[in-house]
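Counting starts at 1 for both ligands and their atoms, following the listed order. These numbers come from the heavy atoms of this one structure, side chains and all, not from hydrogens, waters or symmetry mates. Source: prediction; values computed, not measured.
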Amino acid sequence: MLAIHALPALRDNYIWLLDDGRQAAVVDPGEAAPVFAALAARGLELAAILVTHHHADHQGGIPDLLAAWPEIEVFAPASETIVACTRPLAGGETIRVLATEFEVLAVPGHTRGHLAYYQPGRLFCGDTLFGAGCGRLFEGTPAQMLASLSRLAALPETTLIYCAHEYTEANLRFACAVEPGNQALAERCRRVAELRARGEASVPSTLAEEKASNPFLRCREPEVIAAVRRQDATVDDGETAVFTAIRAWRNDF
Ligand code: ZN
Ligand code: FE
């Protein structure tokens, strides 16, 4: 089993370092310096880079990493412009990284070509699903994002969710505005506040936690529907309409 380490990067990104004790892979290296530092500290060689989408905070470190490790594989969305991609992916493939198989999932919404990488027990989902939130819709439609999130929500509930940003506290403030009566959400707020007060990451979460407290995975819940309708009484109770409304509400929150 690979060990996973969180490398804080840029303002609020996490680069995930996958470590087999000898070699490493990184997911979404927005900058190179934290990766070089972690490799040196652990005595690891870099073997691969996995990229979820094209934004600079997810791929900005690739040129410097390749200058040091020119032979390595760069797995990335085929339909997006990624520096030095060697393995263009569309979703549906199975890739081998550090002798471990990962399923590649197409999860459009934040960007059109956004990918997630799944191995049983773990999901690396970039800016699609966040702790108590989801990515902004820069390129995709609400219906696409909802379909992507629904696909992720169908994974086993014990799956650890390795997202690419430390946004959980801000997301939880919004979630509490949507569902002030949600007990699981109130408990999560307490747990996350403690972690952050100690300077620890609030992620990975489990899929079970997200399903219990992330409003974007709860568009069929009566309390979520009622909250949306208090904002805008014209919203119908279909899942896509509710999702669209809470995503727009979150943008202005
Ligand atoms: Zn992004
Ligand atoms: Fe990002």
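Just one of Val27, Leu10, Leu50, Asn13 meets the side-chain contact (heavy atoms from CB on, under 4.5 Å) condition when paired with His58; it is Asn13.
Protein atoms of type N/O/S that fall under 2.8 Å from the Zn ion (ligand 1) number 4 in this view. Protein N, O or S atom count below 2.8 Å of the Fe ion (ligand 2): the structure gives 4.
A salt bridge links Arg188 to Glu210: at least one charged side-chain nitrogen sits closer than 4.0 Å to a carboxylate oxygen. Ion pairing of Glu80 with Arg112 is absent here, as no side-chain N (NZ or NE/NH1/NH2) approaches a carboxylate O to less than 4.0 Å. Comment: Glu93 does not engage Arg87 in a salt bridge, judged by the lack of any side-chain N to carboxylate O separation of less than 4.0 angstrom.
Checked by atom type, the side-chain pair Thr81/His54 shows no donor-acceptor distance below 3.5 Å. Asp127 and His55 share no side-chain donor-acceptor pair at under 3.5 Å.
Counting non-hydrogen atoms of other residues, nucleotides and ligands closer than 6.0 Å to CZ of Arg229 gives a total above 12.
In this structure a side-chain-to-backbone donor-acceptor pair under 3.5 Å is missing from Glu45 to Gln23.
The closest side-chain heavy-atom distance from Asp19 to Ile4 is not below 4.5 Å.
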